[in-house]
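First the structure, in the form of structure tokens, and then the observations on it.
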Amino acid sequence: MSRMFLRTLRDDPADAEVPSHKLLVRAGYIRRVAPGIYSWLPLGLRVLAKVEAIVREEMEAMGAQEVRFPALLPREPYDVTDRWTEYGPNLFRLKDRRGNDMLLGPTHEEMFSLLVKDLYSSYKDLPLSLFQIQTKYRDEARPRAGILRGREFIMKDSYSFDVDDAGLEASYQAHRDAYVRIFERLGFEYVIVAADSGAMGGSASEEFLAVSETGEDTFVRSAGGYAANVEAVTTVAPDPVTFDGLPAAHAEQTPDTPTIDTLVNHLNEAFPRDDRPWHAADTLKNVLVVLRNPDGTREPLAIGVPGDREVDAKRLETQVAPAEVEPFEDKDFAAHPALVKGYIGPGALGTENESGIRYLTDPRVADGSRWVTGANVAGSHVIDLVAGRDFTSDGSIEAAEVRAGDPAPDGSGPLSLARGIEMGHIFQLGRKYAEALGLKVLDENGKLVTVTMGSYGVGISRAVAAVAEYAHDDLGLAWPAELAPFDVHLVVAGKDPSIVEAGERLYADLQAAGLDVLFDDRPGKVSPGVKFKDAELIGVPITVVVGRGVADGVVELKRRATGDREDVAISDLVARLA
Ligand code: ATP
Ligand code: MG
């Protein structure tokens, strides 16, 4: 450490909110260059390499072969699949000196498909799984939490190639098993959840989430074993009801009721129900947004949800991808005079109605369900408006928030919610990319068939942060042995030549025994207290303190995770640790 390129910091970086970000910067693992862009320092690189090694070992064990594509790519293949456009503002686009469009790869489906197409032509060549560990670029709207969500980050991505669906299923399963082994070894609590395949457009898709309060993903689980990303949860819709005997809709004066709360209060005062009070869930709230398509065009959208629920931004984004969601602004209201703010109802919405705005409703708005909703006149609502009888929408959308206690779609009980960090994503891509790029092989009968693909990612740099989210306490990091930058942190605590010499000797002996040792040999002007604080911050699993005990032939062994300490005879130390 007297020569190591390392400066530990006493204070948290000003822009850091989550523990992993604070500690990785303070302990000298990473350093910020620009938002979402970080340098790896010697300590950080060692942990990163260990994560990489685990992932590489498990990918090779399941039969995948490593390749590496450039990060700098030509536009053409991404045009063929339309992702040059569809990726929207998340794609880093640039031009070379000849004016050719280039991009920095956000993910490499196109390149892998083209490489296999280039070299393979027969069913006999398949199945095949290829992977790379490589830097990816995404101009994330909200880079966050240091390396947890970077704009440059390291990913392991792999791709499987099969002739038929059964083959894809087997490749998917082999990847899933490899991921289970990877995440067991990384040592954080994780869950496998059903995921929406999002913009990639596949079928079966699962995510591996590190369970963590600081995660950006919300997932649900039921006692009966259902687990899904909140974006993938489907609503249990009520059965449709026949219209017979339902009262006719009637518009009523409801002055000064532009919010759900004011409306429900007014209903209970002016139009009390015989059976029970009115609830927010009896009202139909119509939320307006604007979709921005990848080509830059804007399109308004109205979403009808029960009044006791908000529209969930992430669920909505998943449903409308690749379009992005923007607020519906005053200028949009001005362009649609049929909309009366606070009193918007289905009567004005839908492609068939006056505003012409596409109108999608929550699955709970089933045929025969009765609603109180805006009458499209200021200060007026309609009561007993029946879905399917009095209004129809342009379709259904899964955009309403999911709440604890909602039923699991598979009937396995009420859902509870928790947060996680997406660490891995596996999905059956199918033939979308192979189709677009013409990846075909001859089958057993000599007929050309389109290859079916799977696509599988692990966030390597993100994993360093995710492990740190688990492996820390108030004093600093506390790495699990398999990921720690060093096996042993050897601290010389004293100026006495006998202590310094004993330290030097142990350093040599521990290294000779095959251990990676971080040796705090900083001279006497760095106090033992400072050395201990640094050791706690850096988080190597075992610290050996060489101090006054040397006179009695002992050193102190401290375990970082538990704080346990014991004196160990110098003569036994190497054997103990090895
Ligand atoms: P997220 O929902 O977190 O943006 P994603 O769905 O875009 O992730 P994929 O495209 O499936 O992610 O990428 C595979 C893996 O790469 C993810 O599971 C995650 O671990 C990692 N990853 C994705 N984006 C980032 C990022 N900006 N910074 C660090 N790691 C990332
Ligand atoms: Mg993303």
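Keep in mind that this is a model prediction, so the values were computed, not measured. Just so you know, ligand 1 is whichever comes first in the structure, and atom 1 is the first atom listed for that ligand.
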Intermediate values then yes/no, side chain to side chain contact (heavy atoms under 4.5 Å, CB included), Arg358 and Leu291: CA-CA 11 Å; Arg358 191 152 65 98; Leu291 303 186; 4.0 Å; yes
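Relative to the six-membered ring of Phe153, Arg138 misses at least one condition, a distance below 6.0 Å or an angle of at most 45° to the axis.
The contact set between ligand 1 and Leu148, taken as ligand atoms under 4.0 Å from a residue heavy atom, comprises 28 (N), 29 (C). For ligand 1 and Met155, the ligand atoms under 4.0 Å from any heavy atom of the residue are 13 (O), 14 (C), 16 (O). Of all the atoms in ligand 1, the ones that sit under 4.0 Å from a non-hydrogen atom of Met423 are 18 (O), 20 (O). Interface atoms of ligand 1 facing Gly424, defined by a heavy-atom separation under 4.0 Å, are 18 (O). Ligand 1 places these atoms under 4.0 Å from at least one heavy atom of Glu140: 24 (N), 26 (C), 27 (N).
At a 3.5 angstrom cut-off on N or O pairs, Gly150 counts as close to ligand 1. Considering backbone and side-chain atoms alike, Arg138 places an N or O below 3.5 Å from some N or O of ligand 1. Taking only nitrogen or oxygen atoms, main chain and side chain alike, Arg149 reaches within less than 3.5 Å of ligand 1.
Between atom 8 (O) of ligand 1 and the options Arg151, Glu231, Glu422, the minimum heavy-atom separation is to Glu422. With atom 30 (N) of ligand 1 as the reference point, the heavy atom nearest to it among Phe427, Phe153, Tyr456 is part of Phe153. Nearest residue to atom 15 (C) of ligand 1 from Pro143, Ala465, Ala466, Gly459 is Gly459 (criterion: closest heavy atom).
Closest approach of Pro77 to Pro74, counting heavy atoms only: CD-O, 3.6 Å. The minimum heavy-atom distance between Ala228 and Val233, with the atom names listed, is CB-CG2, 4.2 Å.
Open room surrounds NZ on Lys533; 12 or fewer heavy atoms of other groups in view lie less than 6.0 Å from it. At most 12 non-hydrogen atoms from other residues, nucleotides or ligands lie less than 6.0 angstrom from CZ of Arg31.
Between the Arg431 side chain and the Thr452 main chain, no donor and acceptor come within less than 3.5 Å of each other.
The pair Arg185-Glu58 meets the salt-bridge criterion, since a charged nitrogen lies less than 4.0 angstrom from a carboxylate oxygen.
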